[in-house]
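In what follows, a structure is listed as structure tokens, so that the remarks can point back to it.
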Amino acid sequence: MTRQTQDKDMRITPQDLRRRGVREILDKIRRADGYYVTNTERDLSQSDFKNRIMPHTQLLVAPQRNDAGFFSLEITGGASVHVDMLRKQMSPLEKLEVLSANMPDTLFQTLCRGVNLFGYRPYPDNVIRLTVRSFARWVHVWRVFDFLNHIPNMVSVFEEVREAGAILEPSICFSTGPEHTDAYYVRKVGEILEVTGEDILLCIKNHGGLGTPRRIGALVGAIRERYPELVIHYHGHNTDGADLGRIVAAVKNGAKIIDASDHALTGFYGPPPLLTAVDILRDEGHEAVGLNRQAVIDASNLLRGEREHYRDFESQFLGFDPTAQIHKLPGGATGSSFEQAVKGGFLHRMPHILQRELPLVHTELGNWWSVTPGSQILWTTAVNNVLKGARYRDANDDLKNLMLGRYGDFPFHRPADSIYEAVFGKDWKTILERDGGYQRIEDIDIAVERKVLEHRIGRPATDDELVLYLQHPNDAVNFFKFEAKYGKTWVLSPDIWFRKGGYGLGDKFEIPDAFGRLHAIEIGPQRRTKTGDAVTYLVIDHHPEQILTEMEAEGAQVKKKVTFTPREIEALAKTGDIRSQIIGTVSEVPVAEGEEVSAGQVLIVLEAMKMLNNVVAGISGRVAEILVAPGDRVEVGDPLLLVRSE
Amino acid sequence: MKEKAIRKILIANRGEIALRILRTVKELGKGAVVVYEKPDSEAYYIRLADTAILIGEGPRCDYLDIERIIWAARKSGADAIHPGYGFLAENADFSEACENAGLIFIGPPPGVIRDLGNKVVARRIAAQAGIDTIPGTGDLPRGEDGVAAALKFGLEHGYPIMLKASSGGGGRGIRKVVSEKDLLVQLPLARQETLSAFNDENIYVEKCVESPRHVEIQILADRHGRIMHLGSRDCSIQRRHQKLLEIAPANLPADVLEAMYAAAIAAARQAGYVNAGTVEFLVDAHSHAFWFMEMNTRLQVEHTVTEELTGVDIVREQIRIAEGQVLDIPRERIHLMGKAVQVRINAEDPKNNFMPEGGKQVEVYQSPGGPGVRLDGVVYQGYRVPTEYDSLMVKMTIRGYNWEQTIQRLKRALQGFLIVGPATTVPFYLAICDEPDFQAECFDTGYLDTHQDIFLYPEQEREVAKLAKLIAEIHARKVNPFAY
């Protein structure tokens, strides 16, 4: 057997998973003479591009990535589900559907925050289960974690992933410090295996890029020693520039899957370049199984040209940050913390916040794992402590809930009493007694939620829309409204989507639509209306059209013309508010004010197009007011007459 | 009778039919004069005329003002008037006024219009020509006697019955009555409606043939006693007695059609008919028995299907007949093979009872072309759908080798329309194209009532328009507010 065909054989595909099941796939990974590579695009996008890598770019390189022979493409989860709707204006589920159609041979992977799903706070159990079932249609590998490594927070997701026939990858979040010993982590792995059984991948989740290569090597070795059959997937960030070393150490000690990404997109806080890891490891005698090296290069060749469109979303602060070992912020939060510092005007205090206060807060609060949502709690607390000059004052609810044990047990130690007192006041003991304890979120009535959603969007909702709504209700509704107005804009290239300063007069470009048609757009002149709105002339498919953009002027009243649909007019008629269904002329008013009328009786005769139309009473009652007279012209929705039921 | 060449024709109409007539007038190298009411100042047809004369503030009164029109003809030096359809087209007084003013009226003489315009007289003429008519009354007396007469007719012939305006036409002034109680409600309404629409409150009652087919024969008659037919049209697909879609020829056995041709010519001869006219029949969908309904003394909206089928320009023949020329089209040149269908692209919302979209602006207008497609339209990008007049934007007539090709072509051509702004009948016609009974060429006047599913068509979404809206917004705001 040639190396090539063996490689092809050793590749793991969705078809393979469907046919053979999780257990056999895991066996295949165990038996493989080498290791597998996951392309962690989602984490790269989140850490180095504020989650903005657009579907257009992903589709552009879909053929190359599909040929690359990755173990998986991590393409959803984390904050991306929210950002897909909030800033990319795309359904995260539709994204998966479209991409999977274009990458049929590649497993898709997600990062799920256990009970927090893809959000920041715990969700009701029935929402968790519904969500996992929905995403599992497209997602084959489920990395699941909890910021306290609290296993009960992950159990529902575990069960649903199993049920869906997908590969479960529970994580142990990794950090450093005196408590973070091999013995602790090996014990944690044992606890997970007790819940899940052996048919899992185990993720060592090093979101902060912490520890040295030696430290990671030792941890992998220790777990492998206790559980030699366990397939270990090492995930790290390159914040300090040393993740390649950690990857090499992990593989040399028996890790079977590593995380890295396309070199053309690598930055400072996300995953390191995939090909570099592969080349170093080859020299160390470890082969990347199934990997098509040329396809990886081809993908990056294409991505290089795209990167310039994302420049606005790269961190303002370039360069590796070895102090990550001190502040321990996850790679996904590093860029955004600097962004907040700039916006909040405390950039000059960042060294103090990151290198003094944050490590102190981290230790004081229990030295658990700085990852969502814990990392936000640590970061916010540290910033507050510094900016307010008084520590642990005005704590937010998330910190309070954490300290009350609602998110789970503290893994090592509880914060000191003095911190409880600072947060909850003198009565902190009573409060802790009364309100403390693990919090289970009650199931919600999903049928009711659907009704609320449908009311908000004014039409029936699809199952997918319901799932998205349950994640982030307001942002989902805004997205649905956006899509109704602007269509499926994910087809647009980042050059169009992120364009600043407008387009040039006479600029011509082709855009596809989501239904496979190609359109030609030419930018024409623009003018302002008297009310300050913009009118843009576009030549669409060779025909000129003018498009109005309502520009809300500062302080100006939002002008709103009331219009009624026929259904609304009928509904109003049932309340006695009789309005015109047509544009016409009042021909006759056969009733008088004060007259008793019965439902069905003719109230007004309208003439339109030389036809006489009877307007009849929707209810019985007394004519309270007649608002029109014969000869009046009426528009659709104009009030004609009021009937008051006695 | 001696021939008199017409030099300049005044078109006493508006909209698409003014343009239609104007096109033939130009082909004949004659002068074309149009008139318009103020609300029509932006109308397309007046741009194409040699002379356009403002006849008043309107709406819908100056087009009906015989004196104004005669004045405009004198002023412009026109020597003939074509009335189009609607307005003064079937007004005997107008035809007479033209004669008195020394103007050639391109249509039948006043006496013929007067006779045939009265449904009761028309039915008598048909009967004299030996053609079956639907049982009916004469003009109902006013007041209680009329009510009593109608009730008596209903009792004799059974319900439903039809209330018809004696001066009605074009599907207007017709009401179906299902019971005695209904009759008492509708009779006064019908009287009032017919008075305001036709300035004549006479109505009569007719037996209602349930779900019949509506088939009409186009005829031409010259001043020399020659009468010929141009085949049939099926106009069964209607809503509220207004035609929506017309087909030539009607899908009937040859012997039935031949009998109808003969009846139509006999009726025209009996009436002393001159110029183009249409004899309308009700046809029993099963037995193919037919009854004379009425004769229209004008050019019809749907004349285009006959033109496309036969190759005869009816307006051209109307002018030649009016000039006193001999109708000399050889019978063998009249092509009656294949199919033609006309649809009316109206600015109306079929889902909302075909409510006109008056006042709306046509933001985008793109129309189809290619084989077998004829457009008679007045719409353009920026066109405002008038609230003062009808909502017809463009008539599309499709010609095909057979029914199957014709509806395939119709569908293809309908898909070629892009009209943004008002709701239109385009998606409604597209839904009809996909309906199996229509595809099987099987329909009667009850078609819409029995095929309500047609109205469930999806709203036409235009994805690129949505994307363009965003691109315009990014351009206007200099940044994409939804991305940052």
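Please read all numbers here as calculations on a predicted model, not as lab measurements. Numbers restart at 1 for each chain; the letters A, B, ... are given by sequence-line order, proteins then strands.
- The closest side-chain heavy-atom distance from Glu463(B) to Tyr486(A) is not below 4.5 Å.
- Using a 4.5 Å cut-off between heavy atoms, Lys50(A) makes no contact with chain B at all.
- Side-chain atoms of Arg87(A) come within 3.5 Å of backbone N or O of Tyr484(B) as a donor-acceptor pair.
- Using a 4.5 Å cut-off on side-chain heavy atoms (C-beta onward), Lys500(A) and Lys478(B) make no contact.
- Residues Met355(B) and Gln581(A) approach most closely at CE-O, 3.9 Å, considering heavy atoms.
- Contacts of Asn352(B) with chain A are made by side-chain atoms alone, with heavy-atom separations under 4.5 Å and no backbone atom involved.
- For Ile582(A), the parts lying near chain B are the backbone and the side chain together; criterion is any non-hydrogen pair under 4.5 Å.
- The main-chain N or O of Ala484(A) is never found under 3.5 Å from a side-chain atom of Glu461(B) such that the two would form a donor-acceptor pair.
- For the pair Lys485(A) and Lys466(B), the minimum side-chain heavy-atom distance is 4.5 Å or more.
- Although no hydrogens or angles enter the test, the distance criterion places no donor-acceptor pair under 3.5 Å between the side chain of Tyr503(A) and the main chain of Ile471(B).
- With chain A as the partner, the residue from Ala472(B), Ala483(B), Ala476(B) showing the most heavy-atom pairs under 4.5 Å is Ala483(B).
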Full working for side-chain contact (heavy atoms from CB on, under 4.5 Å) between Glu193(B) and Ser587(A): CA-CA 10 Å; Glu193(B) 185 175 293; Ser587(A) 172; over 6 Å; no

Val185(B) vs Val602(A), side-chain contact (heavy atoms from CB on, under 4.5 Å): CA-CA, chis, key distance, verdict: CA-CA 10 Å; Val185(B) 175; Val602(A) 178; over 6 Å; no

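- Residues Gln546(A) and Glu363(B) fail the side-chain proximity criterion, which asks for heavy atoms closer than 4.5 Å.
- The part of Gln89(A) that comes within reach of chain B is its side chain, from C-beta onward, which places non-hydrogen atoms under 4.5 angstrom from that chain.
- Heavy-atom neighbours of Gln361(B) CD from other residues, nucleotides or ligands within 6.0 Å: above the threshold of 12.
- Rounded to the nearest 0.5 angstrom, Gln366(B) CD and Glu545(A) CD are separated by 6.5 Å.
- Note on Arg499(A), Met54(A), Arg517(A): by heavy-atom pairs under 4.5 Å with chain B, the leading option is Arg499(A).
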Test side-chain contact (heavy atoms from CB on, under 4.5 Å) on Leu470(B) and Leu492(A); report intermediate values, then the result. CA-CA 10 Å; Leu470(B) 180 75; Leu492(A) 297 174; 3.8 Å; yes

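- When side chains are defined from C-beta on, Ile521(A) does not count as touching Leu467(B), because their heavy atoms never get closer than 4.5 Å.
- Summarising the geometry of Pro356(B) relative to Ile583(A), their closest heavy-atom pair is O-CD1, 4.3 Å, with the distance given to 0.1 Å.
- Under 4.0 Å is where a charged nitrogen must lie from a carboxylate oxygen, and between Lys360(B) and Glu635(A) no such pair does.
- Listed by chain and residue number, Leu538(A), Ile540(A), Ile547(A) satisfy the side-chain contact (heavy atoms from CB on, under 4.5 Å) test with Ala468(B) (two or more places apart in sequence, or in another chain).
- Between chain B and the options Phe498(A), Phe515(A), Trp497(A), heavy-atom pairs under 4.5 Å are most frequent for Trp497(A).
- Only the side chain of Asp312(A) has a heavy atom closer than 4.5 Å to any heavy atom of chain B.
- Phe313(A) touches chain B through its side chain: at least one heavy atom from C-beta onward sits under 4.5 Å away, while N, CA, C and O do not.
- Annotation: side chain of Asn614(A) is in contact with side chain of Leu189(B) (closest heavy-atom distance under 4.5 Å).
- Within 6.0 Å of the CZ atom in Arg527(A), the count of heavy atoms belonging to other residues, nucleotides or ligands exceeds 12.
- Between Phe482(B) and Phe482(A), the ring-plane angle classifies as perpendicular under the 30° and 60° cut-offs.
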Report the C-alpha separation of Tyr365(B) and His543(A) in whole Å, then their side-chain angles, then the decisive distance to 0.1 Å, and conclude whether the side-chain contact (heavy atoms from CB on, under 4.5 Å) test is met. CA-CA 9 Å; Tyr365(B) 177 72; His543(A) 291 273; over 6 Å; no

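- Of the atoms belonging to Phe479(A), not a single heavy atom falls under 4.5 Å from chain B.
- In this structure, no portion of Val535(A) lies under 4.5 Å from any heavy atom of chain B.
- Interface remark: of the candidates Glu357(B), Gln381(B), Lys351(B), Gln381(B) forms the most heavy-atom pairs closer than 4.5 Å to chain A.
- Within the 4.5 angstrom heavy-atom criterion, atoms from both the backbone and the side chain of Val479(B) approach chain A.
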